[in-house]
Structure formats: structure tokens, C-alpha cells
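What follows is a short report on a single structure.
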Amino acid sequence: MSIEVVYEIPATRAAVRALRDRGRVALVPTMGALHDGHLALVAAAHESADAVVASVFVNPLQFGPNEDFQRYPRTFEADRAALEAAEVDLVFAPGVDDMYPDGPVTVRVAAGPVGELLEGAVRPGHFDGVLTVVAKLISIVQPDVVLFGQKDAQQVFLVQRMVRDLDLPVEVRVVPIQREGDGLARSSRNRYLSGEERAAARAMPDALAAAAQAAPQGAQAAADAARAVLSAVAGVAVDYVAIVDPATFDAVDDRYRGPALVLLAARFGGTRLLDNAAVVLREAPQPERP
Ligand code: PAF
């Protein structure tokens, strides 16, 4: 039997009601252009629930006016086949008019101060758009568990905060970053890289490895080590190298010790890539006061 695809919200609610007889329902939200990273989310969804729903929706609300909404890859037939092979039970693939029938929504979820940092500083309004569509998807599907990839660490942090702050009745499960053989994090945007840019992009996992190695010398040393690796590669434009406390997303400095997240964003030609890794920082030796 071929996989069930629904486009409209009432039909989705009815199809999910029928799945609920089996037990727990998991939701894997995606924007399509699926790769092995998404399929790892589906595999984790099967472990976490008895029925799996995937959504495929390129959400215009999370793209800025000069971003790649039109250019974002739309590969629905391939996505559907991949989801079918991964034994997803239901695909929710609404159109923009199904999700936003009155045009751009006027009520949005505000991501707050963390939504304005890092990705949010480069892409103003992005996280309000992400949280609004994730809240809508959770409201439509009402899953027991919803799954996200750690590659988008700030998105994961904000979704967890939204679920906690708004008391949404859903468990958030985070799946580790999936990597290519040479360490590059899997991303729908990797397909835009030319051969040369793809080779240069290996600097992203290399920079994270350098940061982890320097972490015992403190936050500044870890950031400097990552930046040095990226700067050594021709044609890379670094947007940020940041080190944050994973519990708050506050930037940390050399007085901080303990678990931290190293976050990278860099452009390879016209393609912007993200990556991150957990490290453990030691407090850097402070200069003696005179
Ligand atoms: O991570 C993504 O693909 C998107 O931001 C998401 C969570 C599907 C919301 O559109």
C-alpha cells in the first residue's frame, strides 16, 4: 500500500485520529529536500512512537525578503518515496494557502532575546517564523513526540523553550548531527555547493575539532582555534564563531568552565552552512593583577 499523503488540515486531523488507535504518534517536521539527516529523525521517531507523521512544508514565514525561499529545493516526489521507504505512516504536505489562508499571519510566536542572536541576527524574524510554524504543526498533528536535528542547535533550543514556556503537551526529542564520510554535516543546502566549495566546506568539521582540542585552554582559545581553521581556507566568509552555554545560549568567556556549544556559520560561495559541537571548557588562566 502506498504512503498516505494529505494536504489539508481537517483531513490531516482525521488521519492522525485514526493513527492514534495504534498508540503514540511522532511528528517529524521538515521542509522537504530530504537527506539521510531527515531519515535519522524518522528512524528515531519509529523508536519513540507507534505511528510516524512527517510534514513537508517550505515555510515562507521563516525566510527573509532576500533569502532563498523561491530557490529552496522542492523535491516532493523523491521525498515521498524516501518517506515511504522509511515506513512513515502519513505525510502532511500543505500548500502555503492551507497553512496561511488569510495571507501572512498577524499573530506570531515571538522567539524572544535568544531569537535575535546568531542566526537571528543574520536572519531577522527567522525564529519567529520557525516557532510559529512549529506551533501550528504541533497544534494540527498533536503528536506525543516531535523530533529535531541538533545541527540547527539554536532552533532546537528555541523549540524546547517554546514547548516549556507555553506548556505545549509534547515531548521534544533531539537527534545527533548526521555527517558525510569526511565529517561535513548533512544539510539540504549541501547540494548547492560546487566541487571546490564542497572541498572547502570540510573546514567546518575541522574547525570544530580544533575548537574541541583547544577547549581545555578556555573559551577564547577554542574560538580562536576554530576561526584559524576557517580563515586558512580560500573563499570562506565566516559569519560567526560563537561559544555558548547550552542551558541559556548566553555567550561564555574565559571565566566559564563546563559544557559549552561551539557554533559556526560560514558562507561557501552563495551557500551558507551551519555546524556545531559540544565541548567542555576549562577556565583559562587569568592574568595576574598588578
Ligand atoms: O528545520 C527545518 O527544516 C525547519 O526550520 C522546520 C523545523 C521544519 C520548520 O519549518
Side-chain angles (χ1 to χ4, degrees), residues 7 9 12 26-42 44-45 52-64 67-76 78-80 82-83 86 88 90-96 98-100 104-105 108-111 114-115 118-120 122-141 143 145-163 166 168 170-178 185-192 263 265 271-276:
Y7 302 94
I9 292 170
T12 305
L27 170 65
V28 179
T30 83
M31 296 208 298
L34 301 182
H35 50 70
D36 286 354
H38 296 106
L39 298 180
L41 296 180
V42 171
V52 176
V53 180
S55 61
V56 176
F57 177 61
V58 185
N59 172 35
L61 229 55
Q62 67 190 75
F63 289 81
E67 293 185 21
D68 57 357
F69 174 67
Q70 298 300 346
R71 201 171 78 108
Y72 198 84
R74 284 154 174 92
T75 57
F76 187 68
D79 295 342
R80 188 165 72 126
L83 293 172
V88 165
L90 179 71
V91 179
F92 174 43
V96 173
D98 296 300
M99 289 297 271
Y100 305 119
V105 288
R108 296 184 189 206
V109 178
V114 173
L118 304 169
E119 282 308 284
V122 180
R123 308 179 66 187
H126 169 70
F127 287 117
D128 293 3
V130 170
L131 294 187
T132 301
V133 81
V134 170
K136 280 172 71 78
L137 291 168
I138 290 172
S139 155
I140 293 163
V141 175
V145 54
V146 60
L147 293 97
F148 294 90
Q150 174 60 22
K151 186 175 81 63
D152 296 306
Q154 195 174 358
Q155 169 171 286
V156 163
F157 176 88
L158 286 167
V159 168
Q160 286 172 321
R161 282 306 293 261
M162 173 177 76
V163 164
L166 302 185
L168 300 183
V170 69
E171 174 195 336
V172 178
R173 183 163 171 195
V174 183
V175 174
I177 299 178
Q178 305 297 305
R186 292 190 194 274
S187 162
S188 302
R189 293 193 165 106
N190 290 354
R191 68 187 73 197
Y192 298 141
L263 304 158
T271 305
R272 191 160 177 278
L273 300 182
L274 305 183
D275 204 346
N276 68 83

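It should be emphasised that the depicted structure is a prediction, and the values quoted were computed from it without experimental measurement. Whatever order the structure lists them in is the order used to number ligands and atoms, beginning at 1.
- Remark: the Asn59 side chain and the Tyr100 side chain contain an N/O donor-acceptor pair separated by less than 3.5 Å.
- Put simply, the side chain of Leu118 does not reach to within 4.5 Å of the side chain of Phe127, judged on heavy atoms.
- Taking 4.5 Å as the limit, some side-chain heavy atom of Asn190 sits within range of a side-chain heavy atom of Leu273.
- Shown in contact with Phe148 at under 4.0 Å from a heavy atom are these atoms of ligand 1, numbered in order with element: 7 (C).
- Within ligand 1, the atoms closer than 4.0 Å to a non-hydrogen atom of Gln62 are 4 (C), 5 (O), 9 (C), 10 (O), numbered from 1 in the order shown.
- For ligand 1, the atoms lying closer than 4.0 Å to a non-hydrogen atom of Gln155 are 1 (O), 2 (C), 4 (C), 5 (O), 7 (C).
- Under 4.0 Å is where a charged nitrogen must lie from a carboxylate oxygen, and between Glu119 and Arg272 at least one such pair does.
- Nearest heavy atom pair, residue Leu34 against residue Thr75, reads N-OG1, 4.4 Å.
- What sits closest to atom 3 (O) of ligand 1 on the protein, heavy atoms only, is Met31 CG, 3.7 Å.
- For ligand 1 and Val133, the ligand atoms under 4.0 Å from any heavy atom of the residue are 9 (C), 10 (O).
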